[in-house]
Amino acid sequence: MGKIEDQQLINQVAGLADKLPSNIRFGTSSWTFPGWRDLVYKQEYKSKTAFTRDSLTEYARCPLFRAVGVDSTYYRPPSAALLDRLNKQAPNLHFVVKAWQEITSHRFSENFLNPKTFSEAAVKAFEKSTLSKIGSTLLLQFSRVPENLVRNGEFLDRLSKMLDAAPKNLKVGIEVRNFSLISSEYLTELNQRGITHVFSWSTEMPQLIEQLKAVAASGGIKTGEYIVRALIPPGFDY
């Protein structure tokens, strides 16, 4: 694109952003995509490391992006300093920070739904960081669990005990991949703690409209915040 076309696109995107209500925040699940060159990223980065480290600042300049997901924390617990650095790079964004996968995947039996691990490997760093002070969200993205853990109540019982380790003022979102979990008991546990259910458009869940109906029929979300993660459309593996 030439400079004139670039400016026209910038003006068009800015115009769309101006029409959005302030409480609607679009963003992507991560931001380090080299394929966004000339769309989101204009400046040159010296290396892949520099791009990964510094590109969030440029991402945040896109008027339509008001939120961003932090995926790296799913693979290793973050430090408060790392989260502070991200906030410093993009203080205008709402961050959705994934908790460590060993807390949310039943494949890791020792740490799965472990209150102590949750407190030490997720809550502690997030609570100490500036992200919690500006109301960003700590996301517990649960992989699909065996249905017997849902039917016998074990998952919900262990989830409730783990969530007791989260301070009341901490914003937490719960994303599940078992549609059978969405029930009045599940929504009650979340609503009593001021925790929001996160809608997931993924191959393991039904269409979003069906999820919305199920949540509404089960008591609804009382936090006043709705998070929708459009991931893998139903019927697709990747």
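Taking CG of N87 as the start and OG1 of T130 as the end, the distance is 3.5 Å to the nearest 0.5 Å. The CD1 atom of I227 lies 8.0 Å from the CZ atom of R25; values are rounded to the nearest 0.5 Å. The OG atom of S132 sits 6.5 Å away from the CG atom of L170 when rounded to the nearest 0.5 Å. Interatomic distance, T104 OG1 to F118 CZ, rounded to the nearest 0.5 Å: 10.5 Å. Between atom OG of residue S202 and atom CD of residue Q211 there is a gap of 7.0 Å, rounded to the nearest 0.5 Å. To the nearest 0.5 Å, atom CZ of residue F95 and atom CZ of residue F126 are 10.0 Å apart.
Salt bridge annotation for D84-K88: absent, with no cationic side-chain nitrogen under 4.0 angstrom from a carboxylate oxygen.
Grouping the Ile, Leu, Val, Met, Phe, Trp and Tyr side chains by contacts below 4.5 angstrom, directly or via other members, places L163 with L156. Grouping the Ile, Leu, Val, Met, Phe, Trp and Tyr side chains by contacts below 4.5 angstrom, directly or via other members, places L187 with L181. Residues V96 and L93 are members of separate hydrophobic clusters, defined by side-chain heavy-atom contacts under 4.5 angstrom among Ile, Leu, Val, Met, Phe, Trp and Tyr. Under the 4.5 Å side-chain heavy-atom criterion for ILVMFWY residues, no single connected hydrophobic cluster contains both L139 and V145. Residues L212 and V198 are members of separate hydrophobic clusters, defined by side-chain heavy-atom contacts under 4.5 angstrom among Ile, Leu, Val, Met, Phe, Trp and Tyr.
Judged as a salt bridge (Lys or Arg N to Asp or Glu O under 4.0 Å), and not counting sequence neighbours, the contacts of D164 are R193. Not counting sequence neighbours, the partners of F199 by the ring-ring contact (aromatic ring centres under 6.0 Å, His included) test are H197.
Nearest heavy atom pair, residue G173 against residue T137, reads N-CG2, 3.7 Å. Among all heavy-atom pairs drawn from A122 and A99, the shortest one is CB-CB, 4.1 Å. Contact between G135 and K171 at its shortest, heavy atoms only, is O-CD, 3.0 Å. Nearest approach of S129 to A80, heavy atoms of both residues: CB-O, 4.0 Å. In terms of heavy-atom proximity, M205 sits nearest to S200 at CB-O, 3.7 Å. Across all non-hydrogen atoms, the minimal contact from K222 to N191 is N-OD1, 3.0 Å.
Using a 4.5 Å cut-off on side-chain heavy atoms (C-beta onward), I195 and L140 make no contact. In this structure the side chain of H94 reaches within 4.5 angstrom of the side chain of E225, judged on heavy atoms. Residues E189 and L159 are not in side-chain contact: their nearest non-hydrogen atoms beyond the backbone lie 4.5 Å or more apart. At a threshold of 4.5 Å between non-hydrogen side-chain atoms, the residues V123 and P167 count as touching.
Other residues, nucleotides and ligands place no more than 12 heavy atoms under 6.0 Å from the CZ atom of R76. Around CD of E110, the count of heavy atoms belonging to other residues, nucleotides or ligands within 6.0 Å does not exceed 12. The neighbour count for K133 NZ, taken as heavy atoms of other residues, nucleotides or ligands under 6.0 Å away, is above 12.
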Quiz item: Taking it one step at a time, do Q89 and D54 satisfy side chain to side chain contact (heavy atoms under 4.5 Å, CB included)?
Solution: CA-CA 8 Å; Q89 283 183 288; D54 302 328; 4.2 Å; yes

Practice problem: Evaluate the side chain to side chain contact (heavy atoms under 4.5 Å, CB included) criterion for residues F112 and R158: first the C-alpha distance (whole Å), next the side-chain angles of each, then the deciding distance (0.1 Å), finally the verdict. | Solution: CA-CA 9 Å; F112 178 56; R158 292 178 63 183; 4.2 Å; yes

Exercise. Could you walk me through whether N178 and L149 pass the side chain to side chain contact (heavy atoms under 4.5 Å, CB included) test, one step at a time?
Key: CA-CA 10 Å; N178 292 68; L149 296 182; over 6 Å; no

Exercise. Step by step, work out the side chain to side chain contact (heavy atoms under 4.5 Å, CB included) result for W100 and T117.
Key: CA-CA 9 Å; W100 189 31; T117 305; 3.9 Å; yes

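Looking only at distances, a side-chain donor or acceptor of R66 sits under 3.5 Å from a matching main-chain atom of I24. The main-chain N or O of Y186 is found under 3.5 Å from a side-chain atom of S183 such that the two form a donor-acceptor pair. The main-chain N or O of Q43 is found under 3.5 Å from a side-chain atom of E58 such that the two form a donor-acceptor pair. With hydrogens and angles ignored, the 3.5 Å screen pairs no side-chain donor or acceptor of S119 with any backbone N or O of P115.
Sequence neighbours left out, the pairs with a member in residues 25-76 that pass ring pair (Phe, Tyr, Trp, His ring centres under 6.0 Å) are F33-W36, Y41-F51, Y45-F51, Y59-F65.
Inspection of the S30 and D71 side chains reveals no N or O donor paired with an N or O acceptor under 3.5 Å. Residues S180 and E147 have side chains that bring a donor and an acceptor to within less than 3.5 angstrom of each other.
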